[in-house]
Amino acid sequence: MCGIVGAVAQRDVAEILVEGLRRLEYRGYDSAGVAVLDNNNLQRVRRLGKVAELAEALTREPVSGGTGIAHTRWATHGEPSERNAHPHMSAEHIAVVHNGIIENHVSLKTALEAKGHAFSSDTDTEVIAHLVVEELKNASSLLHAVQNTVKQLKGAYGTVIIDKNDPERMIVARSGSPLVVGLGIGENFVASDQLALLPVTRRFIYLEEGDVAEITRRSVDIFNTLGEKIVREIHESSANYDAADKGPYRHFMLKETFEQPESVTSTLEGRLGEHTVLEETFGNGAATLFHQVQHVQIVACGTSYHAGMVARYWLETYAGISCNVEIASEFRYRKSFVQPNSLLVSISQSGETADTLAALRLAKDLGYLGSLTICNVAGSSLVRESDLAFMTRAGAEIGVASTKAFTTQLVGFAMLTLAIGKHHGLTLDKQKELTAALKSLPRKLEETLELAKSIEGLAEDFADKHHALFLGRGDQYPIAMEGALKLKEISYIHAEAYAAGELKHGPLALIDAEMPIIVVAPNNDLLEKLKSNVEEVRARGGQLYVFADAASQFKSDDTMKVIQIPDVHPWLAPIVYTLPLQLLSYYVAIIKGTDVDQPRNLAKSVTVE
Ligand code: G6P
């Protein structure tokens with residue numbers, strides 16, 4: 001969602017703030033702004049559009065000063081516009097940036113208007129600025145005013161507040177939206193993601209739910225919901241400073257697609273024994289839990305949900321354990337039946353997705369045996385709040401459309417399948433076979449990426465299309481779903497995925513020469529069934545694009561283009577077949593000229609409902 005950066009330093013902070021926003025732009029990008037304090041002068045610059053627009057405005061209209069806050073927005077309340085861009089102000093001395101949604105903003109606004117506050121935006125955020133001004137009338141400090149303010153807020157917030165009349169500090173508060181404090185030498189920072197602060201520090205404190213912190217150049221004081229001063233652990237980050245650079249690639253998405261052999265290698269590294277997976281990989285006590293577990297409930301959103309869908313096939317087929325998968329936003333709002341000895345598994349690239357986090361919190365009261373998260377961000381809320389965590393080590397993923405985060409999630413699930421399977425009858429021979437397959441995966445991914453040029457050649461066929469249909473069966477059905485999601489996310493072509501057996505129950509009516517049909521067809525137990533479905537399409541004049549290995553024996557002709565994928569163990573075929581679909585949507589988006597890394601209306605990390 002929105003991105004936040006704040007700094008208190010002796011030096012001018014405007015450049016640090018803007019660089020931080022650039023690194024956070026993946027979170028939201030419809031408008032951006034900064035407010036900087038210099039000798040009791042509060043300077044605010046905001047722009048509609050991307051961070052580049054703001055940076056340009058700042059070259060023409062420079063601001064200076066050592067205390068500042070900045071924000072890149074993904075609109076929730078109020079259209080994208082300069083007046084709705086953060087920071088928001090009150091009484092010309094309080095400036096606020098906020099990520100999240102204040103659910104009771106309407107009633108707060110009515111009360112504040114009755115007290116004479118005039119609102120200058122349509123955002124929910126602005127109530128925070130006016131509330132702080134109100135609270136300052138009775139509070140002894142900015143800290144106390146903010147503590148009293150957040151008590152009145154319902155909903156989710158990560159917020160940073162500065163005061164022209166008290167320019168040496170910023171007050172930050174977190175509930176439901178992530179904030180990390182960055183510790184410098186004689187200067188301190190805050191951001192919604194540590195990535196923003198890597199150019200200035202490696203030392204971080206992750207704020208917990210309900211924390212309020214007072215940050216000055218020399219101190220960081222943190223208070224819990226009861227107002228008690230508390231000490232939170234300092235983490236040293238080893239994240240890669242250059243992660244936010246595109247290198248030789250035109251887009252982050254392409255870079256991240258090509259990084260997959262490497263990110264899968266790191267995800268596997270040190271975690272596989274000679275014949276199986278090392279269970280400590282999942283955390284202390286994992287082996288005991290995996291021994292007891294009889295059912296797995298997976299919750300996730302978006303691309304991560306597709307990873308969960310693949311995992312269901314794997315856990316039931318190979319690990320011999322029952323599994324359900326549900327979209328987190330559905331799971332959290334329905335009464336669900338918890339099977340005895342169930343493990344709750346959440347999957348999330350960011351570790352901060354509001355619905356997934358809410359599902360995990362709900363599950364804690366429902367009697368699950370324990371919780372595991374498969375996640376790419378150390379220190380994120382899901383990692384901190386789960387009993388066990390498997391870190392995917394994909395490295396920072398900046399492109400909004402998930403690529404390497406997805407395939408490393410699948411690797412996490414493959415390892416979970418082995419880890420649980422060995423307690424539930426997966427034979428040693430089978431463990432050896434699957435472990436060997438996993439070890440060969442990075443090489444298979446490299447070979448698959450060599451197909452990029454020929455896939456680019458297909459993209460022309462899609463550029464003038466309005467719809468596309470993706471087909472798969474078994475564990476390739478979720479891959480078809482992921483392919484369709486990628487295409488619609490970045491090329492804005494409406495795409496749907498069907499389990500191929502469902503074709504005749506509706507979508508067959510859509511097939512004509514204008515409808516491209518993409519089929520994922522590795523040689524597996526369902527191939528013959530899938531071939532019948534392909535014939536159903538061919539008989540109705542559909543244009544087919546088939547991704548298959550040599551053993552599948554598809555041949556290109558007038559109605560079918562076949563792209564030959566390297567042979568791979570059927571278990572891991574979903575991971576390998578994901579790559580050509582990522583590349584296809586990328587090249588289609590290039591021809592269509594869309595904003596590949598930051599597609600319209602989307603955000604990378606969805607920290608609001
Ligand atoms: C957003 C992103 C998707 C992602 C989904 C879930 O919609 O654009 O790429 O799959 O959130 O995010 P998570 O961080 O929980 O995996």
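First listed ligand is number 1; within each ligand, the first listed atom is number 1. In this text, all values refer to a predicted model and were calculated from it rather than measured experimentally.
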Could you list the atoms of ligand 1 found under 4.0 angstrom from a heavy atom of [X]?
{"X": "Ser304", "value": "10 (O), 13 (P), 16 (O)"}
{"X": "Thr303", "value": "10 (O)"}
{"X": "Ser402", "value": "9 (O)"}

Separation between CE of Met481 and CD of Glu496, rounded to the nearest 0.5 Å
10.0 Å

Between OG1 on residue Thr72 and CZ on residue Arg47, distance to nearest 0.5 Å:
14.5 Å

Pick out which of Arg361, Glu208, Arg174 makes a side-chain hydrogen bond (donor to acceptor under 3.5 Å, both in side chains) with Ser381.
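Of the listed options, the one satisfying the test is Arg174.
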
Qualifying residue, where the test is side-chain hydrogen bond (donor to acceptor under 3.5 Å, both in side chains) with Lys404 and the options are Gln260, Glu259, Glu256:
Glu259

Is ligand 1 less than 4.0 angstrom away from at least one heavy atom of Val400?
yes

Should Phe462 and Tyr587 be marked as a ring pair (Phe, Tyr, Trp, His ring centres under 6.0 Å) after you check the CA-CA gap, both sets of side-chain angles, and the distance that decides it?
CA-CA 10 Å; Phe462 289 77; Tyr587 290 119; over 10 Å; no

Flag for Gln349-Thr303: side-chain donor and acceptor within less than 3.5 Å:
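Result is no, nothing qualifies.
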
Which residue supplies the protein heavy atom nearest to atom 6 (C) of ligand 1, what is that atom called, and how far is it?
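Sorting protein heavy atoms by distance from atom 6 (C) of ligand 1 puts Cys301 O, 3.4 Å first.
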
Atom 8 (O) of ligand 1 has as its nearest protein heavy atom Ala603 O, 2.9 Å

Between Thr356, Val299, Ile347, Thr353, flag the one that comes closest to atom 13 (P) of ligand 1 by a heavy atom.
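Of the listed residues, Thr353 has the closest heavy atom.
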
